Amino acid sequence: MISEKPRVRFAPSPTGYLHVGGLRTALYNYLFAKHNDGKFVLRIEDTDRNRYVEGAVENLIESLKWCGLEYDEGPNIGGQFGPYMQSQRLDLYKKYAADLIANGKAYYCFCTPERLEKLREEQQRQKLPQAKYDKHCLHLNKEEIEENLSKGVPHVVRLDVEANKKIIFNDVVRGQVEFNSSNVDDQVLIKSDGYPTYHLANVVDDHLMKITHVIRGEEWLSSTPKHVLLYDFFDWEKPIFAHLPLLLNPDRSKLSKRQGDVAVEDYRIKGFLKEALINFVALLGWNAGDDKEFYYMNELIENFSLERVNKSGAVFDLEKLNWLNAEHLRKKPNTDILQMIKEEGKKLNIDYQNFSDDYLLRIISVMKERVSFVNEYFTKSFFFFEAPQTYEQAAIEKNWKSETPEQLNKLHNAFASLANPLKEDYENTLAKVAEELNIGKGKLIHPLRLAVSGMSAGPGVFDILFILGKDETIKRIRAAIDKIGKS
RNA sequence: GGCGCGUUCGUCUAGUGGCUUAGGACGCCGCCCUCUCAAGGCGGAGACCACGGGUUCGAAUCCCGUACGCGCUACCA
């Protein structure tokens with residue numbers, strides 16, 4: 001055991017999409033496995049036929065893949081402990097449930113949902129501390145059981161939990177956790193449709209798949225005693241448990257759909273980089289003990305440890321994600337951004353075909369520090385793709401004086417006489433014109449910016465001119481003089 | 001209700017008994033840089049470490065209690 005490489009699993013139920021909380025769980029499992037040179041297994045917990053969602057497994061796998069969380073064993077790729085879909089392992093669960101029954105650790109229960117409902121109501125009326133099954137069917141004799149079984153009476157298999165025993169286990173994140181078995185219900189192990197419940201299936205599979213560390217959300221902490229009991233009844237070695245803190249909404253309730261986006265897919269569509277999402281989610285509940293906040297996946301793998309996972313829930317703070325996205329985007333090579341821009345352009349239906357790679361690359365170099373998302377290359381610098389149709393009103397009021405048209409006209413003529421001007425040529429020319437007019441450069445620069453971009457914010461104005469080119473520049477100055485003067 | 005887990009700036013967090021007048025980051029505010037906007041640099045506001053008791057020469061750090069929050073309490077995972 002000690003010499004073995006760790007084997008961990010991410011075991012989602014396919015309810016439609018990959019939740020960011022699920023992503024965090026998957027990521028920690030992945031990081032732990034990779035850090036320790038172990039295996040990361042994907043297992044699909046599809047034992048609830050009522051919650052089956054078409055295409056959910058594919059979607060889940062696609063999201064994991066997009067994030068770069070490649071699994072070593074699992075659906076599609078297989079592995080020596082398959083199948084990895086619980087719905088394909090039904091015989092296994094039945095066999096182990098039968099073993100439990102044979103050993104007196106579990107029993108058949110023929111109670112109808114109606115009786116169970118009544119029982120619960122009665123217990124509530126009596127204000128009993130906890131609603132629990134009353135072990136009614138535990139006391140059925142052999143003949144009664146055989147008769148019911150042969151008659152095909154619907155039944156489940158329940159765990160026989162002995163009262164008043166201490167159940168103690170160790171959790172890497174929380175330390176020692178203790179429960180009294182009197183608070184543990186006789187959990188259903190096999191449902192009347194023949195499918196196992198999570199509790200049986202996860203214990204059987206984790207054992208059979210040789211899982212060494214169970215890293216999952218805190219919502220499972222309360223049912224861990226049931227799992228501990230099962231390991232003991234089977235006489236199997238228990239895995240090491242690590243229960244992760246929950247991800248929360250801004251109001252500190254459990255992260256939910258009602259208060260924003262929760263699917264990894266939502267963030268991808270909104271233009272977040274996978275690097276940023278991974279970096280952000282990794283820091284929600286873990287840190288290396290230093291001030292480092294910008295991480296690439298390989299650095300996370302290198303530094304991750306379960307011992308440094310926090311105990312308390314973390315609010316999913318969009319502001320910080322935005323910042324990380326900008327940081328990651330800025331660190332990307334310009335050629336990578338070029339490809340991303342082309343794809344974004346397709347989505348926005350912008351005919352970027354008219355613009356050469358060279359042209360786009362120039363835009364990237366001047367806009368890089370001014371954008372947080374790829375689509376902002378369009379929304380924040382639309383003027384590189386299309387001449388301005390309107391001009392920012394506040395900027396007109398501030399910088400467009402009565403003498404401006406005439407001054408710009410001079411500038412226009414000066415620019416027009418330039419041959420293949422570079423950025424410096426525009427700059428020198430403008431300085432010269434300002435001097436001739438005996439005015440500050442700002443008197444020309446601000447209206448010029450407005451004329452060529454329609455905006456008051458953006459890259460250096462001479463950068464804009466150079467990228468736009470002489471013809472376009474003088475055309476835009478001319479247009480601005482005509483339009484702004486008359487409105 | 002019962003059981004379990006948690007509680008350091010608005011948010012993510014550092015802190016594992018003296019180095020702490022509690023550090024960093026995001027966000028916010030100001031200054032510098034500057035043709036604007038960013039980026040960057042510098043600075044500021046912001047946490048009586050949930051509260052109350054202990055233990056100790058000394059506690060955010062250890063113990064107990066309380067409050068609050070969250071999770072579980074299904075033939076869901």
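Chain A is the first sequence line, chain B the second, and so forth, proteins listed ahead of strands; every chain is numbered from 1. Computed from a prediction, not measured in an experiment: that's the story for all the values here.
Separation of the A/Tyr93 and A/Tyr195 ring centroids does not fall under the 6.0 Å cut-off. Between A/Phe10 and A/Tyr84, the ring center distance fails the sub-6.0 Å criterion.
Searching all strands for a Watson-Crick or G-U wobble partner of B/rU7 with both distances below 3.5 Å returns B/rA67. The nucleotide B/rC35 finds no pairing partner, because no Watson-Crick or G-U wobble arrangement with both distances shorter than 3.5 Å includes it. The nucleotide B/rC49 finds no pairing partner, because no Watson-Crick or G-U wobble arrangement with both distances shorter than 3.5 Å includes it. Using the Watson-Crick or G-U wobble rule with both distances under 3.5 Å, B/rU56 pairs with nothing in any strand shown. With a 3.5 Å ceiling on both atom-pair distances, the Watson-Crick or G-U wobble partner of B/rC72 is B/rG2. In this structure, B/rC28 forms a base pair with B/rG44, meeting either the Watson-Crick or the G-U wobble geometry with both donor-acceptor distances under 3.5 Å.
When heavy atoms are screened at a 4.0 angstrom cut-off, A/Arg51 is found touching base atoms of the nucleic acid. In this structure, A/Pro459 reaches the bases: a heavy-atom distance under 4.0 Å links it to at least one base atom across the strands shown. Residue contacts for A/Glu178: at a heavy-atom cut-off of 4.0 Å it reaches the sugar-phosphate backbone alone, with no base atom in range. If you check every strand for non-hydrogen atoms under 4.0 Å, A/Arg252 touches sugar and phosphate atoms only. Contact annotation for A/Pro196: backbone-only contact, meaning every heavy-atom pair under 4.0 Å involves sugar-phosphate atoms and none involves a base. No contact: A/Ser182 has no heavy atom under 4.0 Å from any strand. Using a 4.0 Å heavy-atom criterion, one finds that A/Val461 contacts the bases of the nucleic acid, with or without backbone contacts as well.
Contacts between residues 277-286 of chain A and RNA chain B, counted as heavy-atom distances below 4.0 Å, involve A/Leu283, A/Leu284, A/Gly285.
Nucleotides B/rC29 and B/rA39 have their P atoms positioned 12 Å apart, rounded to a whole Å. Using atom C1' as the reference point in both B/rA14 and B/rU56, the two lie 25 Å apart (nearest Å). When the P atom is used for both B/rC72 and B/rU66, the distance is 24 Å, rounded to whole Å. Separating the C1' atom of B/rC33 from that of B/rG40 is a span of 9 Å, rounded to the nearest Å. Only the P atoms considered, B/rC37 is 49 Å distant from B/rG17, to the nearest whole Å. Taking atom C1' on both nucleotides, B/rC70 is separated from B/rC75 by 27 Å, rounded to a whole Å. For the C1' atoms, the distance linking B/rA25 with B/rG71 amounts to 29 Å, nearest Å. Separation of the C1' atoms belonging to B/rC12 and B/rG4 is 25 Å when rounded to the nearest angstrom.
Reading RNA chain B from its 5' end, the first and the last nucleotide to sit under 4.0 Å from a heavy atom of chain A are B/rG1 to B/rA77.
Under the side chain to side chain contact (heavy atoms under 4.5 Å, CB included) criterion, A/Ala106 pairs with A/Leu100, A/Ile101, A/Val157, A/Leu189, sequence neighbours left out. Applying the side chain to side chain contact (heavy atoms under 4.5 Å, CB included) test to A/Asp134 and every residue at least two apart in sequence or in another chain returns A/Arg115, A/Leu119, A/His136. Applying the side chain to side chain contact (heavy atoms under 4.5 Å, CB included) test to A/Val309 and every residue at least two apart in sequence or in another chain returns A/Tyr28, A/Val173, A/Leu244, A/Pro245, A/Trp286, A/Phe304, A/Leu306. Not counting sequence neighbours, the partners of A/Arg216 by the side chain to side chain contact (heavy atoms under 4.5 Å, CB included) test are A/Arg9, A/Tyr198, A/Asn202, A/Val214, A/Trp220, A/Thr224, A/His227, A/Phe241, A/His243.
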Which pairs of donor and acceptor atoms, one on a side chain in residues 436-449 of chain A, lie under 3.5 Å apart (sequence neighbours left out)?
residue: A/Arg449; atom: NH1; partner: A/Pro459; partner atom: O; Å: 3.0
residue: A/Arg449; atom: NH2; partner: A/Pro459; partner atom: O; Å: 3.0

Can you give the donor-acceptor pairs under 3.5 Å from side chains of residues 159-167 of chain A to other protein atoms, not counting sequence neighbours?
residue: A/Asp160; atom: OD1; partner: A/Lys135; partner atom: NZ; Å: 2.6
residue: A/Lys166; atom: NZ; partner: A/Glu178; partner atom: OE2; Å: 3.4

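The pair A/Glu218-A/Lys311 fails the salt-bridge criterion, with no side-chain N (NZ, NE, NH1 or NH2) lying under 4.0 Å from an Asp/Glu carboxylate O.
Applying the salt bridge (Lys or Arg N to Asp or Glu O under 4.0 Å) test to pairs two or more places apart or on separate chains, those with a residue in residues 46-60 of chain A are A/Asp48-A/Arg51, A/Arg49-A/Asp193.
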A/Asn310 and A/Ser312: CA distance, side-chain angles, deciding distance, side-chain hydrogen bond (donor to acceptor under 3.5 Å, both in side chains) verdict: CA-CA 6 Å; A/Asn310 288 150; A/Ser312 51; 5.9 Å; no

